[in-house]
Enquirer: 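Here it is: the structure, laid out below.
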Amino acid sequence: LSFPIGVLLMISAGGGFFVNGIYRDNPNFAVQAVGQDIISLFVVLPILIISTILVFRGSHRARLVWLGVLVYLVYTYMIAAFTVKYNSLFLVYVALLGCSLYSLIGSLVTMDMSEIASSFSEKTPVKTISIYFVLLVLLFYFVWLSELLSALIRSEIPQSIKENGTPTNAVHVLDMAWILPAFVITAVKLWRKQSLGYTLAGAFLTYCVLLVLAILSMVVLMVKEEHSVALPQIFIFASLLMISFGFLIWYMKGLNQQF
């Protein structure tokens with residue numbers, strides 16, 4: 001499904017970036033959507049194409065990166081399909097979500113994870129990466145729950161929801177219900193050196209790099225459009241990008257393959 005996913009991604013991200021007036025959302029939310037489109041079009045799409053080619057050549061590294069791209073696309077277009085106000089790209093969001101989701105599920109069900117795990121050397125930093133995932137879980141559960149619980153106590157709507165003009169914050173939902181629990185599973189499985197852990201770790205490190213890069217793109221556009229941005233968040237996400245990318249490279253070096 002990589003070919004239809006690539007075509008749909010080009011239409012969706014290209015339309016969001018190049019066509020004025022696609023997004024009818026709150027200005028703050030619309031700017032973030034365009035910021036993500038930039039990364040999806042100019043970074044994620046090329047990585048999807050290159051990793052697909054290398055997967056056909058038998059590269060385990062490329063397969064893990066390709067899985068991470070799929071996780072990013074499922075996450076991104078689940079938000080687009082359920083949160084972005086209806087526009088001319090709605091059916092593209094739905095198709096992209098469906099293709100990415102079933103491609104991800106199908107790959108995880110059919111791939112030989114034991115072969116991938118056996119390709120990693122003993123020097124692979126499994127415990128370091130496991131601890132990193134746990135720290136990410138603790139950090140984001142703390143950040144999201146701090147906002148949500150404080151608003152709940154005051155009987156108010158959380159600030160991020162007010163700013164985005166959406167019924168809820170889909171990031172809260174997907175992170176706390178899917179991504180963060182998946183990080184915990186990955187950390188445990190990787191710590192125990194189980195096949196699933198080796199596969200998910202590479203995929204989720206790739207996902208982290210792509211998502212944080214998209215967030216920083218959103219921040220740059222928000223600053224350009226003179227929207228309020230919290231400086232500590234910029235520092236946190238810039239640090240997460242460097243750390244995640246560094247760990248991804250370190251982790252992939254543990255694979256006993258030339259490419």
Side-chain angles (χ1 to χ4, degrees), residues 8-9 11-13 15-17 19-40 44 70-102 104 136-137 139-183 207-208 210-230 232-234 236-237:
L8 290 167
L9 181 58
I11 295 171
S12 173
F17 178 62
V19 180
N20 292 327
I22 283 289
Y23 296 112
R24 305 166 181 171
D25 307 80
N26 176 294
N28 184 73
F29 187 83
V31 167
Q32 294 179 56
V34 174
Q36 184 148 29
D37 285 333
I38 293 172
I39 299 303
S40 295
V44 177
L70 291 180
V71 173
Y72 168 89
L73 292 176
V74 171
Y75 184 95
T76 298
Y77 286 95
M78 195 170 289
I79 292 175
F82 286 104
T83 305
V84 173
K85 285 187 178 180
Y86 183 86
N87 61 42
S88 57
L89 293 174
F90 174 73
L91 291 178
V92 178
Y93 302 155
V94 174
L96 192 45
L97 172 59
C99 289
S100 301
L101 177 61
Y102 282 103
L104 177 62
L136 288 178
V137 170
L139 171 63
F140 282 99
Y141 266 125
F142 174 77
V143 172
W144 298 154
L145 288 175
S146 295
E147 180 186 7
L148 293 170
L149 292 177
S150 62
L152 184 63
I153 292 171
R154 297 193 304 269
S155 297
E156 297 178 354
I157 297 175
Q159 186 61 32
S160 63
I161 296 175
K162 291 180 181 178
E163 292 174 354
N164 289 338
T166 53
T168 61
N169 189 329
V171 172
H172 292 161
V173 177
L174 292 176
D175 280 1
M176 293 192 293
W178 173 34
I179 295 296
L180 298 181
F183 280 6
Y207 157 81
C208 286
L210 296 177
L211 186 68
V212 175
L213 192 60
I215 292 171
L216 289 175
S217 175
M218 297 176 201
V219 169
V220 170
L221 242 60
M222 289 174 71
V223 171
K224 181 181 177 182
E225 297 295 326
E226 299 182 349
H227 292 277
S228 60
V229 176
Q233 289 185 358
I234 299 176
I236 290 172
F237 284 112

Enquirer: To the nearest 0.5 Å, what is the distance between CG (Leu216) and CD1 (Ile39)?
Expert: 8.5 Å
Enquirer: Nearest 0.5 Å, please: how far is CG in Asn26 from CD in Gln32?
Expert: 9.0 Å
Enquirer: To the nearest 0.5 Å, how far apart are CD1 in Ile236 and CG in Leu139?
Expert: 6.5 Å
Enquirer: So, taking the atom named CZ in Phe237 and the one named CD1 in Ile215, what distance separates them when rounded to the nearest 0.5 Å?
Expert: 4.0 Å
Enquirer: Distance from Leu211 atom CG to Asp175 atom CG, nearest 0.5 Å?
Expert: 7.5 Å
Enquirer: Around atom CD1 of Ile157, are there more than 12 heavy atoms from other residues, nucleotides or ligands closer than 6.0 Å?
Expert: no
Enquirer: Can you list, pair by pair, the side-chain donor-acceptor contacts under 3.5 Å of residues 167-174, counting residues two or more places apart and other chains?
Expert:
unit_1, atom_1, unit_2, atom_2, d
Asn169, OD1, Val171, N, 2.9
Asn169, ND2, Ser160, OG, 3.0
His172, NE2, Glu147, OE1, 3.2

Enquirer: Decide yes or no for Phe29 and Val84: does some side-chain heavy atom of the first lie under 4.5 Å from some side-chain heavy atom of the second?
Expert: yes
Enquirer: Looking at Tyr141 and Met176, would you say the former's side chain and the latter's main chain have a donor-acceptor pair under 3.5 Å?
Expert: yes
Enquirer: Over all heavy atoms of both residues, which pair between Ser12 and Val92 is shortest? Give the atoms and the distance, please.
Expert: CB-CG1, 3.8 Å
Enquirer: Do Ser100 and Tyr72 have a side chain donor and acceptor closer than 3.5 Å?
Expert: no
Enquirer: Looking at Ala30 and Tyr23, what are the two nearest heavy atoms and their distance?
Expert: CB-CB, 3.9 Å
Enquirer: Donor-acceptor pair, Ser217 side chain versus Leu213 backbone, under 3.5 Å?
Expert: no
Enquirer: Other residues, nucleotides and ligands only: do more than 12 of their heavy atoms fall within 6.0 Å of CZ on Phe140?
Expert: yes
Enquirer: Quick check: closest heavy atoms across Val34 and Gly16, and the distance to 0.1 Å?
Expert: CG2-O, 3.9 Å
Enquirer: For Pro158 and Leu148, work out which heavy atoms get closest and say how close.
Expert: CG-CD2, 3.8 Å
Enquirer: What closest approach, in Å, do Leu180 and Leu136 show between heavy atoms, and which atom pair accounts for it?
Expert: CD2-O, 4.2 Å
Enquirer: Restricting to non-hydrogen atoms, name the atom on Phe17 and the atom on Asp37 that form the minimum distance, rounded to 0.1 Å.
Expert: N-OD2, 4.0 Å
Enquirer: Checking side-chain contact (heavy atoms from CB on, under 4.5 Å) against Tyr77, which of Leu96, Leu101, Val94 comes through?
Expert: Leu96
Enquirer: First locate atom CG of Leu149, then atom CZ of Arg154, and finally report the distance between them rounded to the nearest 0.5 Å.
Expert: 11.0 Å
Enquirer: Are Ile38 and Leu221 close enough, and set up right, to give a side chain to side chain contact (heavy atoms under 4.5 Å, CB included), and what steps lead you there?
Expert: CA-CA 10 Å; Ile38 293 172; Leu221 242 60; 4.0 Å; yes
Enquirer: In sequence, state the C-alpha distance, the side-chain angles, and the governing distance for Val71 and Trp178, and then conclude on side chain to side chain contact (heavy atoms under 4.5 Å, CB included).
Expert: CA-CA 11 Å; Val71 173; Trp178 173 34; 4.1 Å; yes
